[in-house]
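Heads up, the thing below is written out as structure tokens.
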Amino acid sequence: MATDVQNMSRPRERSFSPLARAVHSPLSVIGLLLVGLHLFFALFAPLMAPYSISAILTDGLTPPSGLHWLGTDQIGRDYMSRLMAGGRVALLVSLTGVSVALVVGTTLGIVAGYLGGLGHLGRLVDDLIMRLTDAMMAVPELLLIAILVLTFGKEIWALSLIVAIVYTPGAVRVIRSRTISIAAFDFIRAAELRGEKTGFIMIREIAPNLRGLMAVEFAMRCSSAVLKISALSFLGLGISQPTPDWGLMVQEAMTVVFTDPWFVILPAIALSSLIIGINFAVDGLARAYGVVGAETAT
């Protein structure tokens, strides 16, 4: 993985210049604007939507009109109102689940990566964490998600927990790999020679130097999680009615795709624009922090 050696050689990097460099990238700006737009609608859709997302207003499948700009769905709910709120669940579940996964994965990755080089007991801890990680990653992801959905259910808290469980092993591997590299730097050796405690070294010396990688990992995994949450809804394993979700809206509209194609196209465009926005932002962050995709793609 390409990295800024000078930045990594300092135990506590305070400069925010990488973020400034990321904002100066045109693609990153476009990505941030798209993500910001979706976050704005996710937060304020209930206030901005012309109708309640669950109110039945017509007989169903009415074309666009002055009252309903995008028509109404199969049971007569305003489609524009539901489309505006369709990303709320995916964003909430993804942000919550990925945040938990990154916190847990970073903690375990630092512990495994640093303690693994500190003697027999440390290697045992490293082996235990990594073997559990490998065991979880050996299960096909879709199968693991299906099992977890059947175990915990389809509520928002359950889906957030499932996202956290699914993405934690990958975060552990990536953070552990980078921690092993950081542990070889001189400032870590200097801290050890000063007699600093292991916990202090991991928290104050190693963790701050993972900031860039963690930012890229968070954005990448959020992009993947949003897509998976929508895919689960499309397959009937995610959020159920009457909660609006883009994947669920596409699945419901498949029966009218030839007669009313906008019911499929519009949620697909909304989902695609969010994924593209996150990916553009990730690209800017990766370039700014010197993180290459091979290291972060798990």
Walk me through whether Lys154 and Val149 qualify under side-chain contact (heavy atoms from CB on, under 4.5 Å). CA-CA 6 Å; Lys154 300 179 181 180; Val149 167; 4.1 Å; yes
Any chance you could lay out the side-chain contact (heavy atoms from CB on, under 4.5 Å) test for Asp126 and Arg176, step after step, and finish with the verdict? CA-CA 9 Å; Asp126 182 24; Arg176 174 184 177 271; 2.8 Å; yes
Is there a side-chain contact (heavy atoms from CB on, under 4.5 Å) between Ile110 and Ile203? Walk through the geometry before answering. CA-CA 9 Å; Ile110 292 175; Ile203 295 172; over 6 Å; no
For Asn279 and Asp283, what are the C-alpha separation, side-chain angles and deciding distance, and is it a side-chain contact (heavy atoms from CB on, under 4.5 Å)? CA-CA 6 Å; Asn279 288 339; Asp283 183 68; over 6 Å; no
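Every residue meeting the ring pair (Phe, Tyr, Trp, His ring centres under 6.0 Å) condition with Phe263, not counting sequence neighbours, appears here in chain and number order: Tyr79. Here Leu92 pairs with Thr96, Ile156 under the side-chain contact (heavy atoms from CB on, under 4.5 Å) rule; sequence neighbours left out. With sequence neighbours excluded, the residues that form a side-chain contact (heavy atoms from CB on, under 4.5 Å) with Ala158 are Phe152, Glu155.
Of all heavy-atom pairs between Ser223 and Ile278, the closest is CB-CG2, 3.4 Å. Across all non-hydrogen atoms, the minimal contact from Asp245 to Ser230 is OD2-CA, 4.0 Å. The two atoms that bring His38 and Leu274 nearest to each other are NE2-N, 3.4 Å, heavy atoms only. The two residues Arg123 and Gly116 come nearest to each other via the heavy atoms CG-O, 3.1 Å.
For the atom pair Thr58 OG1 and Leu67 CG, the distance stands at 10.0 Å (nearest 0.5 Å). For the atom pair CG of Leu237 and CD1 of Ile145, the computed distance is 9.0 Å after rounding to the nearest 0.5 Å. Atoms CG and CG, on Leu70 and Asp260 in that order, are 12.0 Å from each other to the nearest 0.5 Å.
Side-chain contact check for Leu144 versus Ile162: every heavy-atom pair is 4.5 Å or farther apart.
At a threshold of 4.0 Å, the pair Lys228-Glu141 counts as salt-bridged, since one of the basic side-chain nitrogens sits closer than that to a carboxylate oxygen. Salt-bridge check for Arg131 with Asp134: passed, with a basic side-chain N closer than 4.0 Å to an acidic carboxylate O.
Of the possible polar contacts, one joining the Arg82 side chain to the Ile53 backbone as a donor-acceptor pair under 3.5 Å is found. In this structure, the side chain of Tyr167 engages the main chain of Ala225 through a donor-acceptor pair within 3.5 Å. Judged by distance alone, the side chain of Trp246 and the main-chain N or O of Leu83 form a donor-acceptor pair under 3.5 Å. Arg88 places a side-chain N or O within 3.5 Å of a backbone atom of Ala42 that can act as its donor or acceptor partner. Ser81 places a side-chain N or O within 3.5 Å of a backbone atom of Tyr51 that can act as its donor or acceptor partner. Looking at Ser177, its side chain never comes within 3.5 Å of a backbone N or O of Val174 through a donor-acceptor pair. Judged by distance alone, with hydrogens and angles left aside, the side-chain atoms of Ser233 form no donor-acceptor pair with the main-chain N or O of Gly247 at under 3.5 Å.
Grouped with Ile56 in a hydrophobic cluster is no other residue, since no side-chain heavy-atom contact under 4.5 Å to another Ile, Leu, Val, Met, Phe, Trp or Tyr is found. Counting side-chain heavy-atom gaps under 4.5 Å among Ile, Leu, Val, Met, Phe, Trp and Tyr, the cluster of Ile30 also holds Leu27, Leu34, Ile276, Phe280.
Within a 6.0 Å radius of CG in Leu121, no more than 12 heavy atoms belonging to other residues, nucleotides or ligands are found.
Classified by interplanar angle (parallel below 30°, tilted 30° to 60°, perpendicular above 60°), the ring pair Phe187/Phe185 is parallel.
Applying the side chain to side chain donor-acceptor pair (under 3.5 Å) test to pairs two or more places apart or on separate chains, those with a residue in residues 59-69 are Thr62-Thr72, His68-Asp78.
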